[in-house]
Amino acid sequence: MPSFRAPRGTYDILPEEQPYWVFALHKAAETSARFGYGRIDTPMFEATDLFERGVGDATDIVQKEMYTFEDHGGDSLTLRPEGTANVCRAYVEHGLHNQPQPVRMYYTGAIFRYERPQAGRFRQHTQFGVEAIGDSSPQVDVEVIELGWSFIRSLNITGTQLRINSIGDPECRPAYLDALRDYYRNHIDEVCDDDRQRLERAPLRLLDCKKTRCQAIGNAAPRSTDFLCDACEEHWMSVITLLDGLKDTYPDLEYYADHRLVRGLDYYTRTVFEIEPENAAGQSTLLGGGRYDGLIELIGGQPTSGIGFGSGLDRLVAQVKEQHGYEPPGSGPDVVIVHLGEDAGRRASALAAGLRDDGLTVIVAPAGRSMRAQMRYSNSMNAQYALIIGDREIESGEGSLRPLQGDGEQLGVPLSVEAIADAVRGS
RNA sequence: GUGGGCGUAGUGUAGCGGUUAACACGUCAGGUUGUGGCCCUGAAGAUCGAGGGUUCGAUCCCCUCCGCUCACCCCA
């Protein structure tokens, strides 16, 4: 007999976990709003071609990680493996270039990639991302980075560092890639097998190989920032300067110009960055992004610049818990109604409806249980009050309201919504 | 796709080649006449991941598969 479980690489977020997510999502929305970013929602699946073109045919994401299917009409669709392509598609489709530029947007939602799960990596994960489209100035680069940093700080996560790099643009990158290939060809015997295989296909990737030997070679490799064309160079220097200007506000904003930082999606140009815990190991990137000045054109729009980031809420929530950045309030209902007998049961339901409508949180204790059991239940719900209704109370018209948190006295309260609500609120 | 670790009640653990597989927490029910938290008692709940093999006999030993997990690749 099949005993079902959540599919590999997916997870349930049970009620007791939800407060952390609500907290993180709330901070995402709040921070975005403070920077003037408006929410956008896009479909969870898109035409497969959008990702093949946008993300890049040669990337691992497109080659082996997409959930692609054909629908009943014969169209090839793909569960979104990232968020930027969707937003850019929406930008083009709805003519958002006619709005004041840049258009600032954020999103939160599920992302799907067929990968082997491990700590901090899932087949369905949740991202919070932002995109600023239609402004190529370095101010926007730094604005987006600041937004990301501010967001992480708002979650009370500390001990993170920013890594940043510029990988140039179509004008200057070819020369850099040539230099990089030349360099590695001369060291072909010293790098690992994996690196040898991807040298021609994705030379940038060799730079962030984690093997010690390869890292030593990567350290001495040509740097993209030494090959920038004038325009990219100017942009890069401005970004660095503007970043320094954030230090008054964020004294702990440590950033490292890391010439080996590259990203796995083809669309990035110029600025790329990541935020991760200081002693990072493994799947630790909390937030990563960069500029993508060619992407909009690639998917059928006018030449338009853009920049954004994605952050893994799953990883951030894990950090929040680890660092105790948020403690959920352990609040229970205002009132649990304990009732004995059928008449009392009816009164309990009716009163609960009235009290809820009045704004209180009310649970009716499970019917048919003994008084003691219902009181125990009230206690385990962590309720503020137990409202007891039995034959006596029906007859007298006064319910017994018993405080469960402190040592307060139990008192009689008329069985009316108003009287009960007043008594509950009045303390 | 590659490699390591692990699979015993809802959760966390114990156990031993041999009668009814244990403990804690949790759940439910009780602890006299309608009142919680502590305490006490009881109950339900596990074909010991699945299949095969060794053995008189396996939860325990061996193999295969499945699943979980960690790491690589890659990424959030």
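First the proteins, then the strands, lettered A, B, ... as listed; each starts at 1.
Close placement of the A:F128 and A:F151 rings is indicated, their centers lying within 6.0 Å of each other. Ring centers of A:Y326 and A:F23: under 6.0 Å apart, within the cut-off.
Counting only N and O atoms by type, the side chains of A:E143 and A:Y37 include a donor and acceptor under 3.5 Å apart. Side-chain contact annotation: A:D169 with A:H235, donor-acceptor N/O pair under 3.5 Å absent.
Taking the P atom of each, B:C16 and B:A22 are spaced 15 Å apart, rounded to whole Å. Of the P atoms belonging to B:A58 and B:U2, the separation is 34 Å, rounded to the nearest Å. When the C1' atom is compared between B:U19 and B:A71, the two are found 45 Å apart, to the nearest whole Å. Atom name C1', nucleotides B:C56 and B:G17: the rounded distance is 12 Å, in whole Å. Nucleotides B:G26 and B:G12 have their C1' atoms positioned 11 Å apart, rounded to a whole Å. Rounded to a whole angstrom, the distance from the C1' atom of B:C68 to that of B:G49 is 10 Å.
Comparing atom distances between the A:N379 side chain and each of B:G30, B:A71, B:G37 picks out B:G37 as nearest. The side chain of A:R116 lies closest to B:C70 when the candidates are B:A76, B:C70, B:G67. If you check B:C72, B:G36, B:A76 against the side chain of A:D314, the one that comes closest is B:A76. The side chain of A:R376 lies closest to B:G31 when the candidates are B:G31, B:A76, B:A29.
With salt bridges taken as basic N to acidic carboxylate O contacts below 4.0 Å, none links A:D358 and A:R356. A:R315 has no carboxylate O lying under 4.0 Å from a charged side-chain N of A:E276, or vice versa, which leaves the two without a salt bridge.
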>> Dot-bracket, 5' to 3', for RNA chain B please: Watson-Crick or G-U pairs under 3.5 Å, [ ] where pairs cross earlier ones, | where the partner sits on another strand, dots elsewhere.
In response: (((((((..((((....[...)))).(((((.......))))).....(((((..]....))))))))))))....
Distances under 3.5 Å only, N/O to N/O: pair up the protein atoms with those of nucleotides 32-35 of chain B.
unit_1, atom_1, unit_2, atom_2, d
B:G34, N7, A:R392, NE, 3.0
B:G34, N7, A:R392, NH2, 2.8
B:G34, O6, A:R392, N, 3.3
B:G34, O6, A:R392, NE, 2.8
B:G34, O6, A:E393, OE1, 3.4
B:G34, N1, A:E393, OE1, 2.8
B:G34, N1, A:E393, OE2, 3.1
B:G34, N2, A:E393, OE2, 3.4
B:U35, O2, A:R402, NH1, 3.2
B:U35, O2, A:Q410, OE1, 3.2
B:U35, N3, A:Q410, OE1, 3.1
B:U35, N3, A:Q410, NE2, 3.0
B:U35, O4, A:Q410, NE2, 2.9

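Using the six-membered ring where Trp is involved, A:Y183 and A:H187 have ring planes that are tilted, between 30° and 60° apart.
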> Between A:Y385 and A:Q405, does a side chain to side chain donor-acceptor pair (under 3.5 Å) hold up when you go through it step by step?
Replying inline: CA-CA 8 Å; A:Y385 290 92; A:Q405 298 297 332; over 6 Å; no
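Cation-pi geometry between A:K64 and A:Y114 is not met: the NZ or CZ atom fails to fall both under 6.0 Å from the ring centre and inside 45° of the normal.
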